[in-house]
Amino acid sequence: MRGSVRAVLVAVSLLLPGAALGAEPEQYFATIFWDKKKIGTVHIRLSRGATGEIEEMRARASVSMLGLKLYEFTQDLHQTWTDGELTSMSGTADDNGTKYQVSLKRDAANYQGTLNGKAVTLPSEAYPNTLWHYGIVDHTLLFKQTDLELLHVKVVEAKETVKLHGKSIPTRRATFSGGFDAVVWFAEDDTFVQGQYEMNGRKIRVERDE
């Protein structure tokens, strides 16, 4: 159970298309489901300034049974993006008691940063496993935004129409395999629609709210 919940929560670090320069920050929400049961939410606050797009993400989820909390996850991230590339990131996560504090800054050659106070270097071609960026489909080397682990993946794309909130939505489906297994649907304007996993016989799903 714990492994399935962690798998979907790794994927909730998000970024949606930015607002016009000088506009008020935009806010977006997504819902996390375990089978058909809602177990958490993601809140995105996005703004754009002279230095790039600023994303602030807050994710909260927990699983309980018979009144007992079996698993809990929280994550808060602050990211800066320029021309579709991550330039800096800082944040914290608590994976059922295992805590992570990360920071990254991109230079000319690599990402330099820290994980729980220890120095970390990541290759510049690595891309965060932020499923709400359509740009993820163009990368075969990702990194987790909790513990900065590198992930080597394969991506296959196809067109598909999905039903969500009573609407039929034409999408481009991206299937990831290898170090990161997921299926993600993006609308024709490249925005996230939904993501899905099947692990241990249970379906985990993240849906963008209306």
Side-chain angles (χ1 to χ4, degrees), residues 5-33 38-62 72-96 98-107 111-117 120 122 124 126-137 139 142-149 151 180 182 184 186-187 189-195 204-210:
V5 178
R6 180 188 298 113
V8 69
L9 293 170
V10 166
V12 299
S13 302
L14 319 172
L15 181 65
L16 298 178
L21 185 65
E24 289 294 320
E26 296 184 40
Q27 297 190 76
Y28 301 87
F29 296 86
T31 301
I32 305 167
F33 294 92
K38 177 180 176 179
I39 63 170
T41 60
V42 180
H43 176 206
I44 305 298
R45 187 176 185 272
L46 180 67
S47 59
R48 180 178 292 175
T51 58
E53 296 175 338
I54 308 297
E55 173 208 345
E56 295 172 290
M57 188 275 292
R58 183 177 187 269
R60 300 289 186 270
S62 64
E72 186 173 17
F73 179 93
T74 65
Q75 187 175 34
D76 295 272
L77 282 178
H78 180 97
Q79 297 179 330
T80 302
W81 294 75
T82 303
D83 297 328
E85 296 292 340
L86 180 71
T87 55
S88 67
M89 182 181 85
S90 62
T92 60
D94 187 334
D95 184 358
N96 210 41
T98 301
K99 297 182 179 181
Y100 303 99
Q101 184 170 357
V102 301
S103 67
L104 282 179
K105 190 171 184 179
R106 188 186 184 105
D107 60 25
Y111 286 105
Q112 302 291 342
T114 60
L115 170 62
N116 292 343
V120 174
L122 299 180
S124 60
Y127 197 85
N129 66 331
T130 168
L131 295 188
W132 293 44
H133 252 293
Y134 182 72
I136 194 175
V137 305
H139 295 78
L142 309 178
F143 66 85
K144 293 181 183 178
Q145 296 179 106
T146 50
D147 61 8
L148 306 183
E149 178 187 353
L151 307 165
F180 182 58
V184 189
F186 296 93
D189 63 357
D190 296 346
T191 56
F192 174 88
V193 175
Q194 65 180 14
I204 306 296
R205 190 171 77 258
V206 184
E207 294 182 356
R208 180 175 171 175
D209 295 353
E210 290 186 278

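Excluded from the calculations below are hydrogen atoms, water molecules and symmetry mates; all remaining heavy atoms, backbone and side chain alike, are included.
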request  = Report, as yes or no, whether the 6.0 Å neighbourhood of atom CD on Q112 holds more than 12 heavy atoms from other residues, nucleotides or ligands.
outcome  =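 Check passes, neighbour count above 12.
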Rounded to the nearest 0.5 Å, what's the gap from [atom1] on [X] to [atom2] on [Y]? Could you check?
X    : Y    : atom1 : atom2 : value
I44  : T130 : CD1   : OG1   : 7.5 Å
L151 : F143 : CG    : CZ    : 10.0 Å
N96  : T74  : CG    : OG1   : 10.0 Å
M57  : W132 : CE    : CH2   : 10.5 Å
H43  : F29  : NE2   : CZ    : 4.0 Å

For [X], side chain to side chain donor-acceptor pair (under 3.5 Å) partners two or more places apart:
X    : value
D209 : T31
D76  : R60
T41  : none
R45  : E56

note = On a heavy-atom basis, the closest approach of L148 and L104 is CD2-CD1, 4.0 Å
key: Over all atoms of both residues, closest heavy-atom pair of A93 and T146   =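 So the two residues come closest at CB-CG2, 4.2 Å.
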query = Which residue pairs satisfy the salt bridge (charged side-chain N to carboxylate O under 4.0 Å, His left out) criterion with at least one member in residues 78-90, sequence neighbours excluded?
reply = E85-R106
request  = Measure up the F186 and Y134 rings against each other and bin them: parallel (under 30°), tilted (30 to 60°), perpendicular (over 60°).
outcome  =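 F186 and Y134: perpendicular rings.
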key: Pair Q145, Q75: side-chain N/O donor-acceptor within cut-off below 3.5 Å   =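 No, Q75 and Q145 have no side-chain donor paired with an acceptor closer than 3.5 Å.
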request  = Using only heavy-atom distances, determine whether the side chains of S103 and T114 contain a donor-acceptor pair under 3.5 Å.
outcome  = yes
query = What residues, two or more places apart in sequence or in another chain, satisfy ring pair (Phe, Tyr, Trp, His ring centres under 6.0 Å) together with Y127?
reply =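 With neighbours one apart ignored, the set is W81, H139.
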Can you tell if the side chain of [X] reaches within under 4.5 Å of the side chain of [Y], non-hydrogen atoms only?
X    : Y    : answer
F73  : S62  : no
V42  : I32  : yes
K144 : Y100 : no

task = Apply the test side-chain contact (heavy atoms from CB on, under 4.5 Å) to residues T92 and K99: give CA-CA distance (whole Å), side-chain angles for both, the deciding distance (0.1 Å), then the verdict.
result = CA-CA 7 Å; T92 60; K99 297 182 179 181; over 6 Å; no
message = Here's one to test your reading of the geometry: is the NZ or CZ of R208 within 45 degrees of the ring axis of F192 and under 6.0 Å from its centre?
response = no
message = Holding to side-chain contact (heavy atoms from CB on, under 4.5 Å), I want the full list of residues that pass it with V193, two or more places apart in sequence or in another chain.
response = V162, L164, I169, T171, W185, A187
inquiry  = I'd like to know if the side chain of N116 and the backbone of Q101 have a donor-acceptor N/O pair within less than 3.5 Å.
reply    =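 Looks like yes, one N/O pair under 3.5 Å.
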